[in-house]
Structure formats: structure tokens, C-alpha cells
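This report concerns only the one structure given below.
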Amino acid sequence: MTTATGDVEAILRHTVTCHTRDDLVAKLKRGAPLRVKLGVDPSSPDLHLGHAVQLRYLRRLQRMGHRPVLIIGEATAMVGDPTGKNTTRPVLSREQVEQNAATYLAQAGLILDLDEVEIVRNSAWFDRMTFMDAIRMGTSTTVARMLERDTFDERYKAGTPIGIHEFFYPLMQGHDSVEVRADVEIGGTDQTFNLLVGRDLMRAAGQDPQVCITLPIIVGLDGVQKMSKSLGNSIGLTDPPRDVFGKTMSLPDAAMGDYFRLLTDLADAEIEALLAGSPRDAKATLAERITAWLHGEAAGREAAAEFDRIFRDKGLPDEIPESELPADLVEPDGAWIVRVMQHLGLASSGGEARRLLKGGGVRVDDRKVDDENHRLPRGSTTLLQVGRRRFHRIRVP
RNA sequence: GGGGGAAUGCCCGAGUGGUUAAAGGGGACGGGCUGUAAACCCGUUGGCUUUGCCUACAGAGGUUCGAAUCCUCUUUCCCCCA
């Protein structure tokens with residue numbers, strides 16, 4: 001390791017806050033690798049770029065010689081993190097959580113080298129805890145302190161319910177830190193409160209309190225709300241290359257900076273140069289970088305080339321899904337386009353298919369069709385396009 | 001435990017007996033412009049065998065020619081008092 005202060009700068013690059021810097025310096029001075037805790041919440045299975053920000057950060061510290069400790073929050077997931085929620089979340093079943101945890105780890109492995117990561121399930125200690133232990137945990141904070149948090153404060157004022165169990169979430173998360181003797185805990189800026197509770201609990205347990213480092217939260221495709229699968233604005237780690245590229249291209253310009261800094265390995269100067277140039281080109285570079293990272297260099301290049309072909313040159317994608325219409329959808333005068341679209345999932349209902357047709361969003365063999373009674377002739381093969389990006393080639397028997 | 005209030009479409013929210021599949025806004029989707037950006041403009045936004053039919057205003061019953069609108073019970077939530 002280099003000098004302690006040098007490490008501090010490297011550790012805090014692209015982070016938001018650090019409680020406290022002095023503690024971090026002191027811990028580094030001891031020379032031992034830091035135990036860096038990240039609590040993951042297996043309440044939903046699929047990881048997206050928002051999770052990747054934290055996992056990449058963890059990997060960075062890992063490469064600096066520190067030790068990531070991944071807490072699989074099985075017990076906490078059953079409570080549900082109240083952060084940022086305006087309603088009480090349903091309590092998940094144990095089976096559901098187990099299943100999500102498995103998927104989570106598999107996907108986290110795409111970013112982190114899991115062999116070098118300490119993985120702990122917090123059910124290990126929470127299952128053993130007695131009711132009285134939990135009560136004791138509750139003595140370490142106050143209702144007033146909980147209500148200071150924006151999420152609770154807003155809900156309280158708005159008159160929406162707050163479950164008692166939700167107050168335990170931060171305590172549980174903090175207790176995890178005690179159990180694993182974390183030196184540092186990382187999380188998004190929205191986790192500040194939860195992270196700081198860990199310091200209190202560790203101090204109460206006679207331990208050296210952890211350093212809390214927060215990372216930026218990236219916005220989703222809408223450019224406003226945080227990336228979240230349930231909001232439908234996320235780019236999934238396992239999304240196909242074309243989607244990763246396309247979704248990235250649809251990001252608002254303002255989001256590019258964070259994405260570059262947090263999700264690519266480009267140097268700061270290089271990023272500044274890109275952002276100063278054509279936004280369109282910068283975004284294409286960003287999209288290709290991210291696609292290449294998740295799917296390999298070749299996939300990144302292909303996705304970029306294909307994107308240009310479809311959207312800039314208005315051409316067709318490399319691979320167009322193709323299928324044959326089941327015979328029972330074919331009538332004597334051909335196949336009704338509304339049925340076909342519904343069958344192919346290009347519209348979720350007949351009504352939606354009609355709407356798309358009327359709205360001019362449907363092309364048949366590259367010609368706009370707005371007649372909702374349009375039939376595809378028997379024995380034909382037709383290229384169907386809905387909107388700008390959904391294609392399907394359908395054979396009518 | 002007592003009293004009061006509320007529950008409307010993806011979300012917020014109007015509507016208190018009849019042209020209400022339900023104003024308005026947001027979101028979403030489609031179109032135009034473009035860089036699958038932003039801004040802006042237009043259209044659509046319960047389902048279906050679509051000039052019509054069916055389902056829908058927390059749930060179940062009831063009053064009425066007719067109910068999201070009135071009554072009863074149930075459920076859930078909020079507020080005040082204890």
C-alpha cells in the first residue's frame with residue numbers, strides 16, 4: 001500500500017460523502033486490509049446498472065487490497081427497506097428471498113470476483129436472536145430519531161401507515177456491521193441514515209465504528225427517478241446487447257456524466273473531453289463501453305453498428321425474430337393483423353393493436369398500415385414493425 | 001374502547017341519482033421534429049367477435065325505471081378523544 005493519504009484520495013474518488021474521513025485515515029494507518037461491507041437486499045432478483053455502481057466500487061477497493069464483505073440480507077429483505085418507499089412493503093417469504101439471493105449472487109459474479117469476497121447471510125445471526133435481543137436493539141435509538149428521516153417524516157405527515165417493523169430495518173442493518181466487524185460500509189446516498197446507525201450500534205458494542213461512504217445514485221432511463229426495476233427504467237446486467245446499447249442511447253444527456261464516471265473505466269480527463277464534444281457521439285461511446293463491459297468488446301461493436309444501421313440509416317436489425325402463425329389464426333381471407341400483433345406480443349390486447357394501427361405506429365413490409373381490418377394474405381411472409389424498434393417476420397400458412 | 005372522515009381507472013384527483021368508460025393532471029404508448037437526448041406539437045390510454053356488446057368507481061347485498069353517486073353490512077386506511 002502507498003501512503004495513507006494517497007489511499008484516501010483513491011478510495012473516495014467518485015464518492016459522495018464519508019463519515020468520517022478522520023476515521024478512514026486512522027483505519028488505513030493500521031495497515032491492515034479494510035473490511036468493506038455492502039449489504040445487498042435480495043428483495044428482487046435481477047441486478048441492474050444501479051447495483052453495478054456499488055459492486056464496481058467494491059471491486060475497485062478489492063483491487064486496492066481491501067476485503068469486500070457481502071451481506072446477503074435475507075432477514076432484512078423479509079422486513080423490506082423502507083428507504084424511499086411511500087408505502088409499507090409486503091413481507092417476503094423465506095423461499096422467495098432464498099431464490100432471489102441465488103440469482104443475485106450469480107449476477108454479482110459478473111462484476112466481482114466472488115472467490116475473493118466474504119459472503120455472509122444475515123439470517124445466520126438474526127435467526128438466533130431472541131425477542132429480548134431485539135428489544136435490546138431497540139433501546140439504542142429513539143422514535144424521534146427515526147422520524148427525522150425524510151421517508152418516515154413524509155409518510156408520517158402524509159398520514160400513510162408506517163409499520164413498527166420498519167423501524168427495525170436500520171437497526172438490523174446496523175447490527176450486521178457489528179457481526180462482521182466492518183471497517184467501512186458503503187451504500188447509495190439514500191442509505192446514509194441506515195449506514196450511520198451502524199456506527200452507533202458498533203460503538204455501543206464496544207467496537208471501533210465503521211466509516212460510512214456513500215456513492216451517487218444513478219438515475220434511470222427517465223432521467224429523474226433512481227434506477228429501479230419496478231419503475232421500469234433500468235438497464236439490466238443480463239439485458240441483451242442490443243437493449244443495453246439502445247437503452248443507454250435513450251438516456252437524457254444530463255445523466256451521461258455519472259454514467260461515465262461510475263460505470264466505465266475511462267480517465268476523468270477523457271470523460272471531460274467526451275462530454276465537451278457532441279453529446280450524441282459521447283452517448284454512443286458510453287453505450288458501446290457499457291455494452292462491451294457486460295457482453296464483450298465484439299458485442300459492443302456490433303451493437304453500435306446495428307444501432308446506426310437501424311436508427312441512423314433506418315435499416316433493419318441483424319436478426320429479426322421470425323415465426324409461423326398457428327393455423328387457427330388464419331381465416332379464409334388471410335390473417336387479421338390485430339390478431340397477429342396480439343399473438344406476437346407486439347400488442348397486449350386487441351384494443352392496443354387497434355390503437356397502434358390508428359396512431360400510425362405499424363408498418364407492414366415497410367409500408368404504414370392504419371387499416372385495422374388489414375389481412376396478411378395466406379401463404380405470405382411479412383415483415384411487421386411496431387414503433388421504431390420492434391420487428392417480427394411472420395409466415396402465414 | 002368512543003366519535004368523525006375516507007376508499008374512483010397505472011398514479012394523483014374531479015364527480016354526490018340519468019348524454020359518465022367516468023373531467024383535469026402525471027405517467028406510459030404511438031406519431032411529428034431530432035441525436036431512441038431535451039423542449040415542443042398531435043393522438044391514444046378497460047376488454048371484446050367494435051356503428052354494438054361486456055366489465056368497471058374497495059367487497060357483498062338492497063332501494064330505484066335508472067347508482068360511482070342513496071341505504072345496510074363487511075374490509076381497509078386516516079383523524080380526534082381515551
Side-chain angles (χ1 to χ4, degrees), chain A residues 84-88 90 154-164 218-226 228-235 239-260 274-288 290-291 303-317 328-333 335-343 345-364 367-375 384-391:
Chain A
K85 303 289 168 184
N86 47 22
T87 49
T88 306
E154 281 161 20
R155 282 164 61 183
Y156 191 65
K157 283 181 181 151
T160 48
I162 300 171
I164 297 284
I218 57 167
V219 293
L221 301 178
D222 54 272
V224 179
Q225 294 184 276
K226 81 181 225 184
S228 135
K229 193 172 176 221
S230 55
L231 290 175
N233 66 356
S234 63
I235 302 178
D239 281 355
R242 188 196 296 173
D243 289 352
V244 173
F245 195 98
K247 285 180 178 183
T248 305
M249 287 305 282
S250 76
L251 277 173
D253 291 356
M256 275 197 282
D258 272 350
Y259 274 63
F260 266 122
L274 279 163
L275 292 177
S278 149
R280 201 273 171 194
D281 292 346
K283 208 180 289 172
T285 304
L286 176 67
E288 184 168 344
I290 292 177
T291 309
E306 182 176 23
F307 183 87
D308 280 347
R309 200 160 53 246
I310 299 173
F311 295 102
R312 195 189 54 199
D313 309 330
K314 305 217 186 302
L316 298 176
D328 57 322
L329 286 178
V330 184
E331 298 158 55
D333 57 345
W336 185 26
I337 190 160
V338 168
R339 280 279 153 280
V340 175
M341 288 171 65
Q342 212 176 341
H343 167 74
L346 296 174
S348 58
S349 69
E352 193 188 337
R354 287 168 210 274
R355 247 175 263 135
L356 288 164
L357 283 158
K358 276 186 247 169
V362 181
R363 285 174 169 271
V364 173
R367 280 199 339 275
K368 185 177 287 183
V369 168
D370 58 6
D371 173 16
E372 62 179 57
N373 291 313
H374 186 82
R375 309 281 152 159
L384 214 56
Q385 180 180 0
V386 174
R388 278 177 291 183
R389 50 195 113 158
R390 293 149 80 199
F391 297 86

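Remember, it's a predicted structure, so these values are computed and weren't measured experimentally.
- Minimum interatomic distance between A/P279 and A/D253 (heavy atoms only, all atoms of both residues): CB-OD2, 3.6 Å.
- A distance of about 12 Å separates the C1' atoms of B/rU69 and B/rA22, rounded to the whole Å.
- Put simply, CG on A/L357 is 14 Å from P on B/rU50, counting in whole angstrom units.
- Side chain of A/D253, nearest nucleotide from B/rU36, B/rU44, B/rG35: B/rG35.
- Nearest nucleotide to the side chain of A/S349, out of B/rU36, B/rG46, B/rC48: B/rC48.
- In this structure, B/rC77 and B/rG5 make a Watson-Crick or G-U wobble pair, each of the two defining distances being under 3.5 angstrom.
- Taking OH from A/Y259 and CD1 from A/I235, the interatomic distance works out to 5.0 Å, rounded to the nearest 0.5 Å.
- Each of A/R354 and A/F311 was matched to the nucleotide of RNA chain B holding its nearest heavy atom; the match closer to the 5' end belongs to A/F311.
- Annotation: side chain of A/N233 is not in contact with side chain of A/V224 (no heavy-atom distance under 4.5 Å).
- Side-chain contact between A/V338 and A/R354: present, with at least one pair of heavy atoms (C-beta onward) separated by less than 4.5 Å.
- Atom CG in A/D370 sits about 17 Å away from atom P in B/rG30, given to the nearest Å.
- For B/rA21 and B/rC29, the P atoms lie 29 Å apart once the distance is rounded to whole Å.
- A distance of about 43 Å separates the P atoms of B/rA39 and B/rC54, rounded to the whole Å.
- Nucleotides B/rG17 and B/rC71, compared at atom C1', are 13 Å apart to the nearest Å.
- Across all strands, A/R312 comes closer than 4.0 Å to no nucleic acid atom at all (heavy-atom distances).
- One atom, CD of A/E372, and another, C1' of B/rG30, lie 15 Å apart when rounded to the nearest Å.
- As rounded to whole Å, 17 Å separates atom P of B/rG35 from atom CD1 of A/I310.
- Considering only side-chain atoms of A/Q342, the nucleotide from B/rC48, B/rG35, B/rG47 that sits closest is B/rC48.
- Comparing B/rG47, B/rG35, B/rU36 against the side chain of A/K283 picks out B/rG35 as the nearest.
- Note on A/R355: a side-chain N or O is less than 4.0 Å away from OP1 or OP2 of B/rG47.
- Tested against A/V362, the residues A/D370, A/L356, A/D371 include a single side-chain contact (heavy atoms from CB on, under 4.5 Å) partner, A/L356.
- If you check B/rG30, B/rU36, B/rG31 against the side chain of A/L356, the one that comes closest is B/rG30.
- With both pairing distances under 3.5 Å, B/rC57 is matched to nothing as a Watson-Crick or G-U wobble pair.
- Note on A/G246: a base of the nucleic acid sits closer than 4.0 angstrom, heavy atoms only.
- Between A/R280 and the phosphate of B/rU36, there is a side-chain N or O to OP1/OP2 separation shorter than 4.0 Å.
- With B/rG31, B/rA37, B/rG35 as the choices, the nucleotide that has an atom nearest any side-chain atom of A/P279 turns out to be B/rG35.
- Across every strand in view, B/rC40 sits in a pair with B/rG32 that passes the Watson-Crick or G-U test at under 3.5 angstrom.
- Per the geometry, CG belonging to A/D313 stands 12 Å off P belonging to B/rG35, to the nearest Å.
- A/V369 has its side chain within reach of A/L357: a pair of non-hydrogen atoms, C-beta onward, lies under 4.5 Å apart.
- A distance of about 27 Å separates the C1' atoms of B/rC53 and B/rU63, rounded to the whole Å.
- Rounding to whole angstrom units, CG of residue A/D258 and P of B/rA37 are separated by 20 Å.
- Taking atom CG of A/L221 as the reference point, atom P of B/rG35 lies 20 Å away to the nearest angstrom.
- One finds a salt bridge joining A/R312 and A/D308 here, because a Lys/Arg side-chain nitrogen approaches an Asp/Glu carboxylate oxygen to under 4.0 Å.
- On the C1' atoms, B/rG62 is 26 Å away from B/rG9, given to the nearest whole Å.
- Straight-line distance between the P atoms of B/rU55 and B/rG5: roughly 33 Å, to the nearest whole Å.
- Rounded to an integer number of Å, the gap from NZ of A/K247 to P of B/rA37 is 15 Å.
- With the nearest nucleotide of RNA chain B identified for both A/G361 and A/F245, A/G361 has the one nearer the 5' end.
- The separation of B/rC80 from B/rA60, taken at their C1' atoms, amounts to 30 Å, rounded to a whole angstrom.
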